[in-house]
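Working notes for the structure below.
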Amino acid sequence: MRDVAIIGVGMTKFGELWEQSIRDLFAEAAIKAMDDAGVKKIDSFYVGAMSSGLYTYQEHLSSLMADYMGQIGVPGLHVESACASGGSAVRSAFIEVASGMSDIVLAGGVEKMWDVEDGTIVLATASDQEYEAYNGVTFPGLYAMMARVYMEKYGLTREELAQVPIKNHKHSVNNPNAQYPFEISLNDVLRSSMVADPLRLMDCSPITDGAAALILCPLDRAKEFTDKPVRIRGVGAATGPIALHDHKDLTRLEAVKLAADRAYKMAGLSPADISFVEVHDCFSIAEIIVAEELGFFEYGTAGKAIAEGQGTYGGKIVINPSGGLKAKGHPVGATGAAQVIEAYYQLSGKAGARQVPDAKFGMTQNMGGSGGSCIVHILEAL
Ligand SMILES: CC(C)(COP(=O)(O)OP(=O)(O)OC[C@H]1O[C@@H](n2cnc3c(N)ncnc32)[C@H](O)[C@@H]1OP(=O)(O)O)[C@@H](O)C(=O)NCCC(=O)NCCS
């Protein structure tokens, strides 16, 4: 297997983007990535999207996107793994480059979520239709059950849980692409509208339009394109139960641990080596459970540790320097690719005011549904 590097990235702003269609968004990100890498022609591409059919009535993204990014003729593939579609696209591109089949491969993702009246229902197609969505529970309700059990089991307070979005919004202020780049207070969280008890609006990632794309190539060719390539050192993927009731423990996300263990093994690294991590904080409780599954904190302790400042600059590990899904936004198909872009910015010294100092290794964790699928990447500064 060949070593693989990232040589260029591009993304749109995240938000309510009424002036751009799904093709505009992906083409913008893809062309920016190609310009950044200085490549005019790619060998192949992968586009992650969770549900372009339901959100925009547009499928067949391989053909559409090849055309609109000026690459007609190249092979392309639409990758779907719910909210982990973007991370899965990056993993697919990695495999293609690592195998030696292609040299210059674009990986990205897109979602245009504001075009339908109730995006929450479309998202629920990634849950178990027969047992969950059909009975009226959507993702805020599923994660609310996880939060309730975690709070009971470990004594996490509502105020401590609120520190996750407070931290992520604080980080987002320095991210020009973020959907909600503003700080929020404890009062803002505790007084925001109740969505699914105990989760309030400020615990939830929003509905977002956006796209993100990266260019991958063999590590031994990377310096042809950039002085600052970033190596993809480890990749891990796993599936878990699609239905929440099939999890053995509602305070665990086993697929995250499986994916992380595989990525650590491939990279030859451990949690102590990682300086920052972009995690899938679709709801505030998710960040806490994921931080434990990735090995950064003991089970039952991450919520309190984050509330005490261990998840930000100067703490044990910087979690979500980009602002995370909560504040940067969560265009589901694009999120996993955008997380890897943040890691690329951090490890190539291009993260500006949100730069994590002296970072050698960073991690990204992208998850589908309530832990039904997970992709972890470990990246290395060169
Ligand atoms: C939480 C949720 C139900 C709120 O939807 P909603 O009740 O329809 O809220 P609205 O879209 O009407 O937004 C109300 C206001 O709050 C703002 N807002 C909405 N969500 C927000 C968020 N998460 N953070 C900050 N502000 C938010 C909106 O911009 C809007 O402001 P405005 O009135 O000034 O325009 C919806 O965002 C949601 O389903 N989020 C979860 C997404 C999800 O499940 N992702 C996949 C997870 S795996």
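No experiment lies behind these values; they were computed from the predicted model shown. Note that ligands are numbered from 1 as they come in the structure, with each ligand's atoms numbered from 1 the same way.
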(message) I'd like to check which ligand 1 atoms, numbered from 1 as shown, lie under 4.0 Å from a non-hydrogen atom of Cys83.
(response) 46 (C), 48 (S)
(message) So that I can tick it off, tell me whether Asp249 and Lys153 are bridged by a salt bridge, with the cut-off set at under 4.0 angstrom between side-chain N and carboxylate O.
(response) yes
(message) Between Tyr150 (side chain only) and Leu250 (backbone N and O only), is there a donor and an acceptor less than 3.5 Å apart?
(response) no
(request) Would you mind checking if Lys170 and Glu183 are paired as a salt bridge, meaning a charged N to carboxylate O distance below 4.0 Å? (result) no
(request) Using heavy-atom distances, let me know which of Glu16, Met367, Lys326 sits nearest atom 24 (N) of ligand 1. (result) Lys326
(message) Under 4.0 Å, heavy-atom basis, I'd like to know which part of Leu201 is in contact with ligand 1: side chain, backbone, both or neither.
(response) both
(message) Protein heavy atoms near atom 16 (O) of ligand 1, is at least one of them under 4.0 angstrom away?
(response) yes
(message) Within this structure, what is the CD-CG distance for the pair Glu380 and Leu382, rounded to the nearest 0.5 Å?
(response) 5.5 Å
(message) Distance under 4.0 Å to a non-hydrogen atom of Ile207: what atoms of ligand 1 satisfy this?
(response) 37 (O)
(request) Kindly state if atom 35 (O) of ligand 1 has a protein heavy atom within a strict 4.0 Å cut-off, that is, under 4.0 Å? (result) no
(request) Around atom 41 (C) of ligand 1, find the nearest protein heavy atom and jot down its residue, atom name and distance. (result) Ser205 O, 3.2 Å
(message) Is there a path of hydrophobic side-chain contacts, each under 4.5 Å between heavy atoms, that joins Phe276 and Val235?
(response) yes
(message) Checking contacts now, so for atom 10 (P) of ligand 1, which I'm interested in, is there any protein heavy atom under 4.0 Å?
(response) no
(request) List the atom of Ala334, the atom of Ala211, and the distance in Å for their closest heavy-atom pair. (result) CB-CA, 3.8 Å
(message) List ligand 1 atoms under 4.0 Å from Phe139, heavy atoms only on the residue side.
(response) 44 (O)
(message) Can you tell whether the side chains of Glu28 and Lys32 come within less than 4.0 Å, N to carboxylate O?
(response) yes
(request) Determine if the distance from atom 26 (N) of ligand 1 to the closest protein heavy atom is below 4.0 Å. (result) yes
(request) Using the side chain to side chain donor-acceptor pair (under 3.5 Å) rule, pick out the option among His171, Glu287, His280 that qualifies with Asn320. (result) Glu287
(message) So, taking the atom named OH in Tyr154 and the one named OG1 in Thr251, what distance separates them when rounded to the nearest 0.5 Å?
(response) 4.0 Å
(request) Could you tell me whether the side chain of Arg231 reaches within less than 4.5 Å of the side chain of Ile6, counting heavy atoms only? (result) no
(request) Give the residue, atom name and distance (to 0.1 Å) of the protein heavy atom nearest atom 43 (C) of ligand 1. (result) Leu123 CD1, 3.2 Å
(message) For atom 3 (C) of ligand 1, what's the nearest protein heavy-atom neighbour? Residue, atom name and distance, please.
(response) Thr120 OG1, 3.9 Å
(message) List ligand 1 atoms under 4.0 Å from Pro206, heavy atoms only on the residue side.
(response) 22 (C), 23 (N), 37 (O)
(message) Applying a heavy-atom cut-off of 4.0 Å, say which part of Ala82 lies close to ligand 1: side chain, backbone, both or neither.
(response) neither
(message) Going by a strict under-4.0 Å cutoff (protein heavy atoms only), does atom 38 (C) of ligand 1 have a neighbour on the protein?
(response) yes
(message) Taking Val97 as the starting point, is it possible to reach Leu77 by hopping between hydrophobic residues whose side chains are less than 4.5 Å apart?
(response) yes
(message) Show me which atoms of ligand 1 lie under 4.0 Å from any heavy atom of Cys204.
(response) 1 (C), 22 (C), 23 (N)
(message) If you scan the protein for heavy atoms around atom 7 (O) of ligand 1, do you find one that is closer than 4.0 Å?
(response) no
(request) Count the heavy atoms of every other residue, nucleotide or ligand shown that sit under 6.0 Å from NZ of Lys265, and state whether that count exceeds 12. (result) no
(message) Please list, in number order, the atoms of ligand 1 under 4.0 Å from a heavy atom of His330.
(response) 45 (N), 46 (C)
(request) Check the angle between the aromatic planes of Phe45 and Phe26 and answer parallel, tilted or perpendicular using the 30° and 60° thresholds. (result) tilted
(message) I'd like the name of whichever of Phe182, Trp114, Tyr180 reaches closest to atom 29 (O) of ligand 1 through any heavy atom.
(response) Tyr180
(request) Please check if a non-hydrogen protein atom sits closer than 4.0 Å to atom 31 (O) of ligand 1. (result) no
(message) Under 4.0 Å from atom 20 (N) of ligand 1, is there at least one protein heavy atom?
(response) yes
(request) Please could you name the atoms of ligand 1 that Cys282 approaches to less than 4.0 Å, counting only its heavy atoms? (result) 47 (C), 48 (S)
